[in-house]
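Taking it in order: structure first as structure tokens, then the write-up.
Note that this is a predicted model, so its numbers are computed, not measured. Counting convention: from 1, in listed order, for ligands and their atoms alike. Numbering of residues begins at 1 and proceeds along the displayed sequence.
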Amino acid sequence: MNSHYDIAIIGGGVNGCGVARDAAGRGLSVYLCEQGDLASATSSASTKLLHGGLRYLEYYEFRLVREALQEREVVWRMAPHIVWPLRFVLPEAGKTRPWWMLRMGLFLYDHLGGRHSLPGTRSLDLSKDPAGRPLKPELRTSAFEYSDCWIDDARLVALNARDAADRGATIETRVKAMSARREADRWTLTTQNQRTGETAVVEAKILVNAAGPWAAQVLPSLTGAPARGVRLVQGSHIVVPRLYEHDRCYILQNPDRRIIFAIPYEDDFTLIGTTDLDFHSDPAKVIASPSEIEYLCSAASEYFAKPIMPTDVVWSYSGVRPLYDDGASEAQAATRDYVLELDDTGGAPLLSVFGGKITTYRRLAEHVMERLAPHLNDEARRIGKWSGGVALPGGDFPPDGVDALVKGLRGQYPWLQDSEARRLVKSYGTRAARILGDAGDRAALGVDFGAGLSEAEVRYLMTEEFALEVDDVLWRRSKLGLRLSPAEVERLAAFMADCAATRGATSGAELRAAL
Ligand SMILES: Cc1cc2nc3c(=O)[nH]c(=O)nc-3n(C[C@H](O)[C@H](O)[C@H](O)COP(=O)(O)OP(=O)(O)OC[C@H]3O[C@@H](n4cnc5c(N)ncnc54)[C@H](O)[C@@H]3O)c2cc1C
């Protein structure tokens, strides 16, 4: 492994991996270390909306909303396998904001820019529209329906990392940045493999701190610099058996002025979230608390005819928003915009990322490169912005092309069921065929771990998508954790450990080389 790089990045969330991809695509040599798995922190715990953020208009965040609205269709085109359009139903009932204000907000939402393919807002009569049926009878009055998109957040991160690696970046998972020494023209970063305890040294001309909720702590612990203001705000989600048949989402206003979403999830479930609570503990240990689960159940039960109980919850997850601390009094009012801090006065440059959204990760990466431009070589500056026009791995097909791809896959592999082909296409896009290879039947894919997860797919995830442990496969590269039994999980874990052990691999890079 090379140990001298142009840029070293701490953090394998959406922002770190987005910066790695952008920088590698400009011909720079890039190193990224992630202390856990890719997207193991905030970037797999979002509501998974590629959205402008209707709510942020209330806080006059026009710059952020406009950029996010524009990015919806850009990222959709880059990754049509993991992004798809959604329609949101906003019932008038339960209103905590004047109806004219919401109408005006949605007008702005439709016209701030960037909407070319997504349909605009329309009014609904919930006494007649099927979207009224799951709601309490007295709430079936009027509603607005508008567009945003869905995105598989954790897969977005893995695809950015894969693409960065395809462009020459070194991506190391389960490797923690322990300390960093600054000199006039370089950083010396000491890392530690979290599985073996081994340490290594990496040198880079530029250091990027994309450590998300840890971004403020990383600075003093690595460099001795004072901690910066990051406001940690916890958000939790619950997953319950599917609440209704249609494919639209609900955006529901609560008496406390917060809003929650109810979103169709993984075919058989509904995702409900989120909460907004200041958080003062270790981000690695965040979990949905019983009171948050209670809050989400009762907020949704205010709207749906069938009450939702904590006992209905099949899974919950929680994450910590690493927001820039703008001094807002309420957690829900803290800015969702990002702030980049460049410190290039005391030697080699250090750029820290605070805040950000899944939706705007690509623009954030572009802004990072703009800020670093004076420190980049001529070639990198000449290449300039490129990332929005190039598909992510597997995303090289038209935005409305999922059905055609599923049909093509079934034509090539007639033994594949429609639901299986669809899951593979909506995870891997055109790269699904790399998993299936020349398999003439199901048995050729090796061990069947349950719910359609084959040995061939697991090997692909381990060699191509940096998966090392069972949760990487079941909860981040896929959501098959919702479907596998404990015995099946155990069998998969044993298989993955065996793969690594028999090859003597202790790191992702070694495993990929060995498998
Ligand atoms: C509840 C919730 C809902 C959200 N919903 C949405 C949404 O619907 N749409 C949207 O656009 N955005 C949403 N967001 C925002 C979005 O998820 C975050 O802004 C984004 O994921 C932050 O990414 P990041 O890369 O900065 O941080 P992270 O994903 O947390 O990545 C930082 C990484 O750095 C690693 N790290 C830390 N220290 C070290 C070290 N010393 N060495 C090596 N690695 C280290 C961590 O392990 C971590 O993986 C939501 C956020 C939350 C919490």
Identify, by atom number and element, the atoms of ligand 1 in contact range of [X], meaning under 4.0 Å from any of its heavy atoms.
X	result
P213	30 (O)
G319	53 (C)
G212	26 (O), 27 (O), 32 (C)

Considering only non-hydrogen protein atoms, determine which one is nearest to [atom] and report residue, atom name and distance to 0.1 Å.
atom	value
atom 40 (C) of ligand 1	I10 CG2, 3.5 Å
atom 35 (C) of ligand 1	E34 OE1, 3.2 Å
atom 51 (C) of ligand 1	R321 CG, 3.6 Å
atom 24 (P) of ligand 1	N15 ND2, 3.6 Å
atom 42 (N) of ligand 1	A177 N, 2.9 Å
atom 5 (N) of ligand 1	T47 N, 3.0 Å
atom 12 (N) of ligand 1	I358 N, 3.2 Å
atom 29 (O) of ligand 1	S43 OG, 2.5 Å

Under 3.5 Å side-chain donor-acceptor pair for D148 and Y109:
yes
> T270 and R242: side-chain donor and acceptor closer than 3.5 Å?
Replying inline: no
Can you tell whether the side chains of [X] and [Y] come within less than 4.0 Å, N to carboxylate O?
X	Y	value
D152	K48	no
E145	R122	yes
R174	E469	yes
D276	R258	yes

[X] contact mode with ligand 1 (heavy-atom cut-off under 4.0 Å):
X	value
L49	both
A45	backbone
T274	side chain

Is the closest heavy-atom distance from [X] to ligand 1 below 4.0 Å?
X	result
V353	no
H237	yes
V175	yes

Residues passing the side chain to side chain donor-acceptor pair (under 3.5 Å) test with D344, sequence neighbours excluded, are H375
Output for pair (S478 OG, R423 CZ), nearest 0.5 Å, gives 6.5 Å
Rounding to 0.5 Å, atoms CZ (F107) and OG1 (T121) come to a distance of 10.0 Å
Which one of [options] has a non-hydrogen atom at the shortest distance from [atom]?
atom	options	value
atom 39 (C) of ligand 1	M178, H51, K48, Q35	Q35
atom 32 (C) of ligand 1	A210, G16, G355	A210
atom 50 (C) of ligand 1	P322, S46, G12, G36	S46
atom 1 (C) of ligand 1	C33, S40, G235, G356	G235

Between I10 and the options L32, T191, L207, the side-chain contact (heavy atoms from CB on, under 4.5 Å) test singles out L207
| Distance under 6.0 Å and angle within 45° of the ring axis: does K426 meet both against W84? | yes
Do L69 and R72 make a side-chain contact, defined as non-hydrogen atoms from C-beta onward lying under 4.5 Å apart? yes
Hits for side-chain contact (heavy atoms from CB on, under 4.5 Å) against R363, two or more places apart or cross-chain, chain-then-number order -> E67, E71, Y338, E366, H367, K385
